[in-house]
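Just so we're on the same page: letters track the sequence lines, and every chain starts at 1.
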Amino acid sequence: MADRYEPSTFESKWQQRWADEELFATREEEARPKFYGMDFFPYPSGAGLSVGHCRNYVPTDVICRMKYMQGYNVLHPMGFDAFGLPAENEAIKRKTHPAPMIDQYAANYKRQMDLVGISYDWSRSFKSSDPSYYKWTQWIFELLYKRGLAYRKMASVNWDPVDKTVLADEEIVGGRAERSGAVVEKKWIPQWFFKITDYAQQLIDDLDTIDWPDGIKAQQRNWIGRSEGVQFTMKVSFEAERGVGHTELGVGEKSRYDLDADPERQTPNAERQLGFDVFTTRIDTIFGMTFCVLSPEHALVDQIAARVSLERQGAIREYRQQAKLLTDTDRTAVNREKTGVFTGAYAVNPANGKHVPIWLADYVLATYGTGAIMAVPAGDQRDLEFAVKFDIPVTPIQNPPKEFFAQFLKSWEELDYESALRSYHEDPRRYPQAYVAKDVPLIDAGEYTGMLFDEASRRLGEWIEALGIGERKVQYKLRDWLISRQRYWGCPIPVIHGAEGELQLVPEPELPVYLPPVDHYEPAGDGSSPLAHIDEFVNVCDRDGRLGRRETDTMGGFACSSWYFLRFCDPHNDDEAWSQKAADYWMPVDCYVGGAEHAVMHLLYARFWTKVFFDAGLVKVREPFLRLQNQGQVLALTPYRKPKEGEKLDIGEEGILISFDEAKTYEEGDVLWRWSRMSKSKGNVVTPDEAKEQYGADALRMFLLFVAPFNADVNWSSEGMQGSVRFLSRIFRLITDLQPLYESDWRTLLAFEELDNPAKELRRATHQTIQRCTEDIDRFQFNTYVSWLMKYVNSISDVAGAVKSPSRAYGLAVSEAIETLILLLSPGAPHSADELWEQIGKTGFTYREEWPAYDPKLATEDTMTIAVQVNGKLRDTLDMAVGSGEAEVVEAAKASKKVQTHLEGKTIRKVIYIPGKLVNIVAN
RNA sequence: GCCGGGAUGGCGGAAUGGUAGACGCGACGGUCUCAAAAACCGUUGUACCAAAAGUACGUGCGGGUUCGAGUCCCGCUCCCGGCACCA
């Protein structure tokens, strides 16, 4: 018998028994409810798992284990996100092929996951690079293609010069590639896209139906970036003169503005009226328009340039050239001085007929809206800066309030609102701050003068629609998902370029298009895929038996991870990606756990695909993940030193990273210890292997659960691990000490016993603990789940310590407590639970036992502690029998000596009684 | 700038508007030991007081609602994460 926690003597033994018994094989029994719990599947890196990964896997494991014990059919799978850049880059670095390398790494991940006792059903595992899996990824590509959701087009795309491939917008952070950190360049090449924009509105709306962290939902809403406004066409004129005013235009006079809305389709015919579209969310400010801006890439620019002086043409060409050379990062840098050039043409403001100059400026992006704006410098900071720099007039749209002017003065006393307003009207550029509000009436806005945003916007929108020059429109920032990668290690795109250059899908029976086994697969770097240089792969007969070319781009890794949760439902199906029956049974995922860094990548793409599957009738759910939780990171102390003379720090670094060995060679004060995320490059990784070796798997599990709230970051400490060992040891000792009293048939016997005091107290603790642990696991409050267990162990010890001669009832209550403690411990510390279960003479596994149920009657206290306050301040506490009435309690409260001291000389005005909790006597 | 989240003892953190600091770590004192480690027992928010009793103060800051606020409302500060010239 073990009276302390000695993991080396039993943890491996139980892991072996679980495996032999296939304890975690998924069961599907009609009578039971299902529970689908899942972790983000990892890319298996050569560095192996750190305890940081365990912070993701252990809590999910606790939930799944409890759900199983509660009688659910549990699906708790794990697989590997094997395709993609990280794997390929690592293989290149190691001069090996990614396929065998990934197999080896995945095997190591599995070994480590087993080491900490995670209850995965390995029989359902797969890698996204398995042909039996990517066959169906290709099948889904074809599904998207057939539904008009996959297309190929020339586009200006993000090119990562380090990884030598294009990347999706979601993979770019602040102008740099998320993976390689390289500043991305623009490349104009044909690329494959998935039309996620078709689902923009649904992707926003359905966020309301799922239980996800607010932050992730907000990030997705932000990324999709919906805004409502008006898009309308403006005529181009080459004369600066003023035209007719708005009031002279009758509604219905469409002919005057009847021009081709798409500038690309316009012929450079001098007789033809040029025009361009703009999008605005503030149509109410249209009377304040004093210029227009086209992005340098705008298609209309050539046509305008063709009709202006040579001098202007030169300036335009030069400016466009300049803009081309800038990276997106430079171009969109904050506080960048505005640049631009006047085109020589004018736009006609449809609201008042005024001609305003059309400028070219790179602060207007070609990729958003129409690539052109109406500029209202009074109300828009960017437009104002531009107007100031290029000396363009500013027309006020609203009268700013006093506060607006006050910010330009040293004190309020100086403010003379009347004269400030007068000077603002003379020239708003004196105040370098744009002002616009929704609840301030418009000025100088024709018949809309005096209206507020809501009314003016609505009526101007109606007017523009009636005039036929535009419409109210919803605009999204979200752009289509760029899926092609010019890299080897990914899922081949199942498309053939026919002899005529037309696109043909590879016929379904011919799937999968195998990734060819090759010796050299390094990226070419010229924008072509390595597959393009493999003749046997490229050359292929097309549908009509003519020579065609295979598509040589592969799909980015996020394609593979956008449906794997469906494959887990039916992983060995050779005929379908998944069977309808299996998906209907298991989907949606009830609980999905992983890092917050995938907020707008994986999590958005997976939602998109699920919606497509729903529309195709392949699944019955609109959302894949019902509940999402993000675990906090595990941070480790990492040594840095101060930079020496001439050394520069990387952005965001606080010192020069040094190794732990190197740190020892420095004086104590010269080493800066910082908490940073565990990573191989920082040399601060603690592996589950070492943690298990030193402290045991269960101690590691309990520590990770207890140390902080689930979603908070954790500072790794061995002291905390030691505490966890101590706690488990206390349990072993406690159960060993109490075991002589243990009777296995306590359940039937207890019913006949009158409970004495220690027995009653013990049972109360038992049933309270069952309730709290169960609720807290469901609420993802694993730290308090562990606290309740600790408190429970303390209570059992305290009661046991006070009992001199144990009664029969007490012995039975102890028996109940022993079993309950072991079972409640089981999800968190399953090895110890099974070992203790065996120690008390049981056979089998706690995993197969029923989760304890609590009896509310037994959990109820029989005395209640009443807090007694005088004027809201605690003065005394009273122990009263449960069931004491209000009168009785208030009486006792008033009788308290301590209370009376504070009531002296005062009159009681009011007494508040909260049943079972508190009396507050209000007196003065 | 915008969007999200947060701020509670020496530390990690508990707390359906109702006794703030559960549980743990650390620290201090003790038991055991030749000694140490481990283990066990006790103390541990701050101030006043020799101590106890007691009193006052106390959940980032300033107001408010309430019999009662860590919790709700208004206005700030700082920290973390995300987005950012998106018209």
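Applying the 3.5 Å distance criterion, the base of C85(B) shares a donor-acceptor pair with the side chain of Lys338(A).
Residue Thr280(A) is in sugar-phosphate contact alone, with no base atom involved, counting any heavy-atom pair closer than 4.0 Å across all strands shown. Across all strands, Lys917(A) comes closer than 4.0 Å to base atoms (heavy-atom distances). At the heavy-atom level, Thr865(A) lies under 4.0 Å from base atoms of the strands shown. Looking at heavy-atom distances under 4.0 Å, Val868(A) makes no contact with the nucleic acid at all. Note on Arg875(A): only backbone sugar-phosphate atoms sit closer than 4.0 angstrom, heavy atoms only; bases stay farther off. Lys217(A) comes within 4.0 angstrom of no nucleic acid atom, judged by non-hydrogen atoms across all strands. Across all strands shown, Asn794(A) has heavy atoms under 4.0 Å from sugar-phosphate atoms exclusively, and none from any base. Pro213(A) comes within 4.0 angstrom of nothing in the nucleic acid, heavy atoms only.
Computed from coordinates, the Phe291(A) CZ to A87(B) P distance equals 16 Å when rounded to whole Å. The nearest whole Å value for the distance from the CD atom in Gln768(A) to the P atom in C23(B) is 13 Å. One atom, CG of Asp876(A), and another, P of A53(B), lie 14 Å apart when rounded to the nearest Å. For the pair His598(A) NE2 and G82(B) C1', the interatomic distance rounds to 15 Å; values are reported in whole Å. The interatomic distance linking Met721(A) (CE) with A38(B) (C1') rounds to 17 Å, in whole Å. In this structure, CD1 of Ile397(A) is placed 13 Å from C1' of A87(B), rounded to the nearest angstrom. Going from atom CG of Asp383(A) over to atom C1' of A87(B) covers 7 Å, rounded to whole Å. At whole-Å resolution of the value, CZ in Phe710(A) and P in G13(B) are 15 Å apart.
Under the 3.5 Å distance criterion, with hydrogens and angles disregarded, a donor-acceptor pair is assigned to the side chains of Glu170(A) and Trp223(A). Looking only at atom types and distance, the side chain of Tyr792(A) has a donor-acceptor partner in the side chain of Thr766(A) under 3.5 Å away.
Side-chain atoms of Arg875(A) never come within 3.5 Å of backbone atoms of Val899(A) as a donor-acceptor pair (strictly under, hydrogens ignored). Put simply, the side chain of Ser457(A) never gets that close to the backbone of Ile283(A): no donor and acceptor are under 3.5 Å apart.
Salt bridge absent: Arg472(A) and Glu228(A) never bring a charged side-chain N and a carboxylate O closer than 4.0 Å.
G12(B) and C67(B): their C1' atoms are spaced 35 Å apart (whole Å). Using P as the reference atom, C72(B) and G17(B) are 8 Å apart when rounded to the nearest Å.
A 3.5 Å limit on both hydrogen-bonding distances identifies U55(B) as the Watson-Crick or G-U partner of A47(B). Remark: C2(B) base-pairs with G82(B); criterion is Watson-Crick or G-U wobble with both hydrogen-bond distances under 3.5 Å.
Between G12(B) and Ser717(A), no contact under 4.0 Å exists linking OP1 or OP2 to a side-chain N or O.
In the set G82(B), A87(B), U19(B), the nucleotide with an atom closest to the side chain of Asn222(A) is G82(B). In this structure, the nucleotide among A87(B), A15(B), G12(B) sitting nearest to the side chain of Gln781(A) is A15(B).
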Distances under 3.5 Å between protein N/O atoms and the N/O atoms of nucleotides 39-43 of chain B, please, pair by pair.
{"unit_1": "A39(B)", "atom_1": "OP1", "unit_2": "Arg726(A)", "atom_2": "NE", "d": "3.2"}
{"unit_1": "C40(B)", "atom_1": "OP1", "unit_2": "Arg733(A)", "atom_2": "NH2", "d": "3.1"}

Shorter than 3.5 Å, N or O on both sides, protein versus nucleotides 64-75 of chain B: list them out with atom names.
{"unit_1": "C67(B)", "atom_1": "O2'", "unit_2": "Asn920(A)", "atom_2": "ND2", "d": "3.3"}
{"unit_1": "C67(B)", "atom_1": "O2", "unit_2": "Asn920(A)", "atom_2": "ND2", "d": "2.5"}

Check your understanding: When you look at Phe390(A) and Phe291(A), which way does the side chain to side chain contact (heavy atoms under 4.5 Å, CB included) test go after all the steps?
Key -> CA-CA 11 Å; Phe390(A) 293 103; Phe291(A) 59 105; over 6 Å; no

